[in-house]
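The first residue in the sequence is number 1, and the count goes up from there. Since the structure is predicted, the reported quantities are computational estimates derived from the model, not experimental observations. We count ligands from 1, going down the list as the structure has it; atoms in each ligand are counted the same way.
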Amino acid sequence: MTLRFVLVPQWQGSPSPRAMRLADGVAALRADLPASATSEVAVPLESGDDQGTGISRFSSVQLVRERTSLVLQDVDGPFVVVGGDCGVSAAGIAVAANRHPEVAVVWFDAHPDLNSAESSPSGAFSGMVLRAAIDNGDIAADRVVLAGARSWDAGEETFAAETGLRVLTVTDLDDPAALVEAVAATGADAVYVHIDLDVLDPAELDGLLDPEPFGMSPSALVATLKALRARFPLAGATLSAYAPSALDTEQAADDAATILRIIAALD
Ligand SMILES: NC(=[NH2+])NCCC[C@H](N)C(=O)O
């Protein structure tokens, strides 16, 4: 395995009242990853405040973003940012796009995360992270492919329509070639792959905070990732939103096996 892992147990970007489980998820995954290839970003204990931004717990989210960027800058080659809430992709995309100006971002997530602070129903940064990366110029809208989103807010639909974002549904993704073609159509020469585990069907993974029915099967996700990686080099990736309800259970062992298959498909 050539991947390097940067663990970021951030929970402050999540809209869920059980967001602290995200830190448990990182702790559980840490045990399964090669220690010599893994580093960890310290996340503040406090929630933080919004500092007038309209983004809940903004001060903590911002601090974690800065710390994550610093750690990633010292990592050579492809990395996986392991969340935590999916707001951890902000730093990953910025660093990867800086190294690979022609990168495309593939966003596997039940949620498109295209809210602005104004359109967000929750104030949670995790629901804004992709929009923020587009608005601040880290990634161009025509270099983004949404994969498997099925829980849209009104403001997100408007933004996607206005920018003409490429969108593949769970059904589209039954054919692994569909995503490869969509990424090729962006003209990109490398990919950043964001995976919020809630892109999977809730029946397939126990530890989800924001489960949405009718998601992908792990096999479909793995097949699509392998097809994508056969065609494009990996600039970086995010694996986020693992939130086990209890550790050391049979479900947790099943979840870990699924997540490791996904990570292996990125390598
Ligand atoms: N990737 C996620 N889990 N995102 C949660 C976002 C939920 C909702 N769309 C919001 O903005 O609050």
Subject >> Pairwise side-chain contact, Trp152 with Pro112, heavy-atom cut-off 4.5 Å (strictly under) >> reply: yes
Original post:
Taking the side chain as C-beta and beyond, is there a heavy-atom pair between Val106 and Leu179 under 4.5 Å?
Top reply: yes
Subject >> Glu66 atom CD: more than 12 heavy-atom contacts under 6.0 Å >> reply: yes
Original post:
Under 4.5 Å between any side-chain heavy atoms of Phe232 and Val193, yes or no?
Top reply: no
Subject >> Glu156 side chain near Ser119 side chain, heavy-atom distance below 4.5 Å >> reply: no
Return a table of N or O atom pairs, ligand 1 on one side and protein on the other, at distances under 3.5 Å, rounded to 0.1 Å.
| residue | atom | partner | partner atom | Å |
| --- | --- | --- | --- | --- |
| ligand 1 | 1 (N) | Asp109 | OD1 | 3.2 |
| ligand 1 | 1 (N) | Asp109 | OD2 | 3.2 |
| ligand 1 | 1 (N) | Asp113 | OD1 | 3.2 |
| ligand 1 | 1 (N) | Asp113 | OD2 | 3.1 |
| ligand 1 | 1 (N) | Asp196 | OD2 | 3.0 |
| ligand 1 | 3 (N) | His111 | ND1 | 3.4 |
| ligand 1 | 3 (N) | Asp198 | OD2 | 3.4 |
| ligand 1 | 3 (N) | Asp210 | OD2 | 3.0 |
| ligand 1 | 4 (N) | Asp113 | OD1 | 3.0 |
| ligand 1 | 9 (N) | Asp153 | OD2 | 2.7 |
| ligand 1 | 11 (O) | Asn115 | ND2 | 3.0 |
| ligand 1 | 12 (O) | Ser122 | OG | 2.4 |

Original post:
Do the numbers put Arg131 on top of the ring of Phe159, so that NZ or CZ is under 6.0 Å from the six-membered ring centre and no more than 45° off the axis?
Top reply: yes
